[in-house]
Engineer: 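Structure in structure tokens, see below.
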Amino acid sequence: MGQYLVVNHPQYGLTPLTIVEVEAYTNNDPACHANGYTAKTAPKRALNLFGAPGTGYVYLIYGMYHCLNVITEPKGTAGAVLFRGVVDTNSDGPFVGTNLIGPGRLCRDVGITTAQHNGVMLTKQDAGLYLATSVQGPTEEEHINTTPRIGIQHAKDYPWRWIDTRYLKK
DNA sequence: GCTGGGATTCGCT
DNA sequence: GCGAATCCCAGCC
């Protein structure tokens, strides 16, 4: 939270966007795509969930939208953070004044797709999509709230969604 | 080989 | 508040 997701905008080039909303999914989590599987038995879609930390996991939801995650657990253990919302804090960026809230909208507006970005290493800059330390540093705890995750059918009570209250009220 | 549901969004009512 | 848009693949026949 508060760090940068750097995207490669077709006109503005590399653009740092500040992360303001995330959710966590992990091993033995009923809501995780990898739940009930191992790295060997996982369906193709969820395979990257068992990859090396820093790997991007992009999947298609409802046939229409892409969702971007980053792997957070050691290789072989499922676990990821879903990026649900970013804001453009650049004075002249492409999305100034437009907070990209919602995982599908975020991916649509910055051009993240499974074809281009699933499995890329988000700690390296060569894919034009990566994570970076922000100038303002991580979000202070006073600005962060936790809530249950959105839209899931299982483990609805896990308080594993984090929001920056300066941009999101609930 | 077919069917149904999903970590969503937007527009219309 | 509800439904449509639309693709992947697990589960079941």
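Per chain, numbering begins at 1; letters A, B, ... match sequence-line order.
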Engineer: Less than 6.0 Å separating the ring centroids of A/H33 and A/Y59?
Structural biologist: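 Judged by ring-centre distance (under 6.0 Å), A/H33 and A/Y59 do meet the cut-off.
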Engineer: Could you tell me if A/N28 and A/N35 have a donor-acceptor pair between their side chains, going purely by distance under 3.5 Å?
Structural biologist: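 No, because no side-chain N or O of A/N35 sits under 3.5 Å from a partner of the opposite role on A/N28.
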Engineer: Given a cutoff of under 4.5 Å between side-chain heavy atoms of I, L, V, M, F, W and Y, with clusters grown through shared members, what are the other residues clustered with A/Y25?
Structural biologist: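 Reading the cluster by chain and number, A/Y25 sits alongside A/L82, A/I152.
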Engineer: Does any residue of residues 31-43 of chain A have a heavy atom under 4.0 Å from DNA chain B, and if so, which ones, in number order?
Structural biologist: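 By residue number: A/A31, A/H33.
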Engineer: Could you check whether A/D88 and A/N90, counting side-chain N and O atoms only, form a donor-acceptor pair closer than 3.5 Å?
Structural biologist: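 There is such a pair between these side chains.
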Engineer: Assess whether a salt bridge exists between A/R149 and A/D157, defined as any Lys/Arg side-chain N lying under 4.0 Å from an Asp/Glu carboxylate O.
Structural biologist: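 Salt bridge absent between A/R149 and A/D157.
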Engineer: Among residues 145-166 of chain A, which ones have heavy-atom contacts with DNA chain C below 4.0 Å?
Structural biologist: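 Nucleic-acid contacts, sorted: none.
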Engineer: Dot-bracket for DNA chain C, 5' to 3', with Watson-Crick and G-U pairs under 3.5 Å, [ ] for crossing pairs and | for other-strand pairs: what is it?
Structural biologist: |||||.||||||.
Engineer: Just wondering, are more than 12 heavy atoms of other shown residues or ligands nearer than 6.0 Å to NE2 in A/H143?
Structural biologist: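 Above 12, so yes.
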Engineer: Roughly how far, to the nearest 0.5 Å, is OG1 of A/T89 from CD of A/Q136?
Structural biologist: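 OG1 of A/T89 is found 5.5 Å from CD of A/Q136.
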Engineer: Rounded to whole angstrom, note down the C1' distance from C/dC9 over to B/dT9.
Structural biologist: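 Taking atom C1' in both C/dC9 and B/dT9, they lie 22 Å apart.
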Engineer: Going 5' to 3' on DNA chain B, which nucleotide is the first and which the last to come under 4.0 Å of a heavy atom in chain A?
Structural biologist: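 Span of nucleotides near chain A: B/dG6 to B/dC10.
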Engineer: Look up atom CH2 in A/W162 and atom CD1 in A/I19, then write down how far apart they are to the nearest 0.5 Å.
Structural biologist: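 Separation between the atoms: 13.5 Å.
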Engineer: Pairing donors with acceptors under 3.5 angstrom, does anything connect the side chains of A/T133 and A/Q3?
Structural biologist: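 Distance-only check fails for A/T133 and A/Q3.
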Engineer: Provide a list of protein-nucleic acid N or O atom pairs under 3.5 angstrom, restricted to nucleotides 6-8 of chain C.
Structural biologist:
unit_1	atom_1	unit_2	atom_2	d
C/dT6	O3'	A/G63	O	3.4
C/dT6	O2	A/Y62	O	2.5

Engineer: In Å and rounded to the nearest 0.5 Å, what is the CG to NE2 distance from A/N8 to A/H117?
Structural biologist: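 It is 8.5 Å, given to the nearest 0.5 Å.
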Engineer: How far does CG of A/L49 sit from CG of A/N69, to the nearest 0.5 angstrom?
Structural biologist: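 If I round to the nearest 0.5 Å, the distance is 6.5 Å.
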Engineer: In whole Å, measure the gap between the P atoms of C/dT6 and B/dC12 for me.
Structural biologist: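 Those two atoms are separated by 16 Å.
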Engineer: Taking all heavy atoms of A/Y57 and all of A/N118, pick out the closest pair and write down the distance.
Structural biologist: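 Closest approach of A/Y57 to A/N118, heavy atoms only: CA-OD1, 3.5 Å.
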Engineer: Can A/E23 and A/R84 be counted as an ion pair, charged N to O under 4.0 angstrom?
Structural biologist: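 Looking at A/R84 together with A/E23, the answer is yes, because their closest N to O distance falls below 4.0 Å.
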Engineer: Could you grab the distance from atom OG1 of A/T146 to atom CD1 of A/I163, nearest 0.5 Å is fine?
Structural biologist: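 It comes to 8.5 Å.
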Engineer: Please measure how far the C1' atom in B/dC10 lies from the corresponding atom in C/dC8, and state the result in whole Å.
Structural biologist: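 Those two atoms are separated by 22 Å.
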Engineer: Give me the distance, rounded to whole Å, that separates B/dG5 from C/dC13 when you measure between the P atoms they each carry.
Structural biologist: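 15 Å, rounded to whole Å.
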Engineer: To the nearest 0.5 Å, what is the distance between CD (A/E141) and CE (A/M1)?
Structural biologist: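 So the CD of A/E141 and the CE of A/M1 are separated by 11.0 Å.
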